[in-house]
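See structure below.
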Amino acid sequence: MGNFFVCKMIFCRFMQEIVSNIVAWYLKNARDLPWRNTRNPYSVWLSEVLLQQTRVNQGLPYYEKFIVHFPTIHHLAQASEDEVLKTWQGLGYYSRARNLHKTARIVAESLQGNFPQTPEGLQKLPGLGPYTAAAIASIAFNYPEPVLDGNVARVVSRMLDIHEAVDLPSVKKGMIEWLRGQIAYAEPGTFNQAWMELGALVCLPARPLCDSCPIASWCMARQRGTAEELPVKKAKAKVRERWFHYLHLENENAIWLVQRQAGDIWEGLWEFPMYEAASEKEVPSDWLPKLVADPQQVKISLQRRFTHLLTHQRIHASFWKLSTRPENLRLQQPIFEFPLVQEELPALHRLMDKYLKAN
DNA sequence: AAATCGGGGCC
DNA sequence: GGCCCAGATTT
């Protein structure tokens, strides 16, 4: 931390020039993205939530889909949560979709359709943390609050050659404070987007394009040759192994699905009735009696196996085709029937989608 | 402070 | 296979 504040002092007298260079670079090189053609708070909010922990290229088609499906916050507020989840399907981090819907209802019904205009006010809404509140306030309402996302943290840590973990709250605070000291030198929304864009296009995680960087001459990491080592991050959690056994039951016009409950992955999404085994060794003969009243009346065959990789979990999924009467099943949740038409299926998660498409 | 939540692109 | 991404929320 000591190192950090020394750097901060050294750079004080160059701040205006640094900001001016970044903004000039941004105005010339920024990508043409749909949410940059407006300052409409609804569009800004939607884009920011969609892009949390998500690359622009991945979020872009979802932004278009949401704008077509829900042109205003009132359309979104009046939709059901299932409709919102369905539009979100495949993007991941599904609590974002539920919070998006909650916030739409709060703004539409309690705030007369108007978003709060300050970071503090915005951060009270579900799904809006420090980053998103600052982003909306600065871009939509011209409020001078710097954003700190993965891009900005990388750029700043290299600028100042910070070797402490950037996910440490104290280090985050220091970087925001440093940025706050220079945000007055530009339009807040442009200032914030310029830093992020620099991280996304030039100050890349690996092999940064320092020769194209508008502030390379002030970059301490470049001067010291440490850019590729930065930013430093704390160690990550290990991957959990899980074994899912899915029961595939369908007839001519219905497919049996249950909705996943809270407190686990894929909350609120739909899938086949499922039994989670405690280990790889746990075999069907052990768990089948737990799922059906009379195993004698069941025909069962292994259809397909997938290994589905997530960030912190590895799902070993087995899909068993089941033939029996529905009354014979012992399920904790009620069974729902849906017409077997792809468009009519509710928001399934990625693994289910993979299985259905493979058949 | 640590754990959890996804999916995809890149090396 | 590991890392990272326009992070937030819960414990």
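The chains referred to below are lettered A, B, ... by the order of the sequence lines, with proteins before strands, and numbering in each begins at 1.
- Donor-acceptor pairing under 3.5 Å, judged by distance alone, is present between the side chain of A:Gln58 and the base of B:dG7.
- The residue A:Trp45 sits apart from the nucleic acid: no heavy atom pair falls under 4.0 Å.
- Spacing between atom CG of A:Leu269 and atom C1' of B:dG7 amounts to 13 Å, rounded to whole angstrom units.
- Among the protein residues, A:Arg350 comes within range of the sugar-phosphate backbone only, with heavy atoms under 4.0 Å from sugar or phosphate atoms but none that close to a base.
- Between the A:Thr226 side chain and the A:Glu229 main chain, no donor and acceptor come within less than 3.5 Å of each other.
- To the nearest angstrom, C1' of C:dA8 lies 12 Å from CZ of A:Arg98.
- Across B:dT4 and C:dA6, the matching P atoms stand 25 Å from one another, rounded to whole Å.
- Residue contacts for A:Arg314: at a heavy-atom cut-off of 4.0 Å it reaches the sugar-phosphate backbone alone, with no base atom in range.
- Judged by distance alone, with hydrogens and angles left aside, A:Thr311 brings a side-chain donor or acceptor within reach of the base of B:dG7, the pair sitting under 3.5 Å.
- Between A:Tyr246 and A:Phe244, the ring planes are perpendicular. Angles over 60° get that label, and only those under 30° would be called parallel.
- Between A:Arg325 and A:Asp294, none of the side-chain N atoms (NZ, or NE/NH1/NH2) sits under 4.0 Å from a carboxylate O, so this pair counts as no salt bridge.
- Side-chain atoms of A:Arg154 and base atoms of C:dA6 include no donor and acceptor less than 3.5 Å apart.
- A donor-acceptor contact under 3.5 Å is not formed by the side chain of A:Arg96 with the base of B:dC5.
- Ion pair A:Arg224/A:Asp161 flagged as a salt bridge, since at least one NZ, NE, NH1 or NH2 atom sits closer than 4.0 Å to an Asp/Glu carboxylate oxygen.
- Between the C1' atoms of C:dT9 and B:dG8, the separation comes to 23 Å (whole Å).
- Nucleic acid contact class of A:Glu267 (heavy atoms, under 4.0 Å, all strands): none.
- Across all strands, A:Asn57 comes closer than 4.0 Å to no nucleic acid atom at all (heavy-atom distances).
- Comparing A:Lys234 and A:Ile265, the nucleotide of DNA chain B nearest to each residue sits closer to the 5' end for A:Lys234.
- Comparing the C1' positions of B:dA1 and C:dC5 gives a spacing of 23 Å, expressed to the nearest Å.
- A salt bridge links A:Arg242 with A:Asp264: the distance from a Lys NZ or Arg NE/NH1/NH2 to an Asp or Glu carboxylate oxygen falls below 4.0 Å.
- In this structure, A:Trp256 has its ring center at least 6.0 angstrom away from the ring center of A:Phe272.
- The interatomic distance linking A:His312 (NE2) with C:dC3 (P) rounds to 11 Å, in whole Å.
- A:Gln259 places a side-chain N or O within 3.5 Å of a backbone atom of A:Gly268 that can act as its donor or acceptor partner.
- The pair A:Asp353-A:Lys357 meets the salt-bridge criterion, with a side-chain N (NZ, NE, NH1 or NH2) lying under 4.0 Å from an Asp/Glu carboxylate O.
- Counting any heavy atom pair closer than 4.0 Å across all strands shown, A:Gly59 reaches no nucleic acid atom.
- Atom-to-atom, CG of A:Asn99 to P of C:dG7 comes out at 16 Å; the value is rounded to the nearest Å.
- When the P atom is compared between B:dG9 and C:dA8, the two are found 24 Å apart, to the nearest whole Å.
- Of the residues in residues 123-138 of chain A, those placing a heavy atom less than 4.0 Å from an atom of DNA chain C are A:Pro126, A:Gly127, A:Leu128, A:Gly129, A:Pro130, A:Tyr131, A:Thr132, in numerical order.
- Distance CD (A:Gln193) to P (C:dA6): 13 Å, rounded to an integer number of Å.
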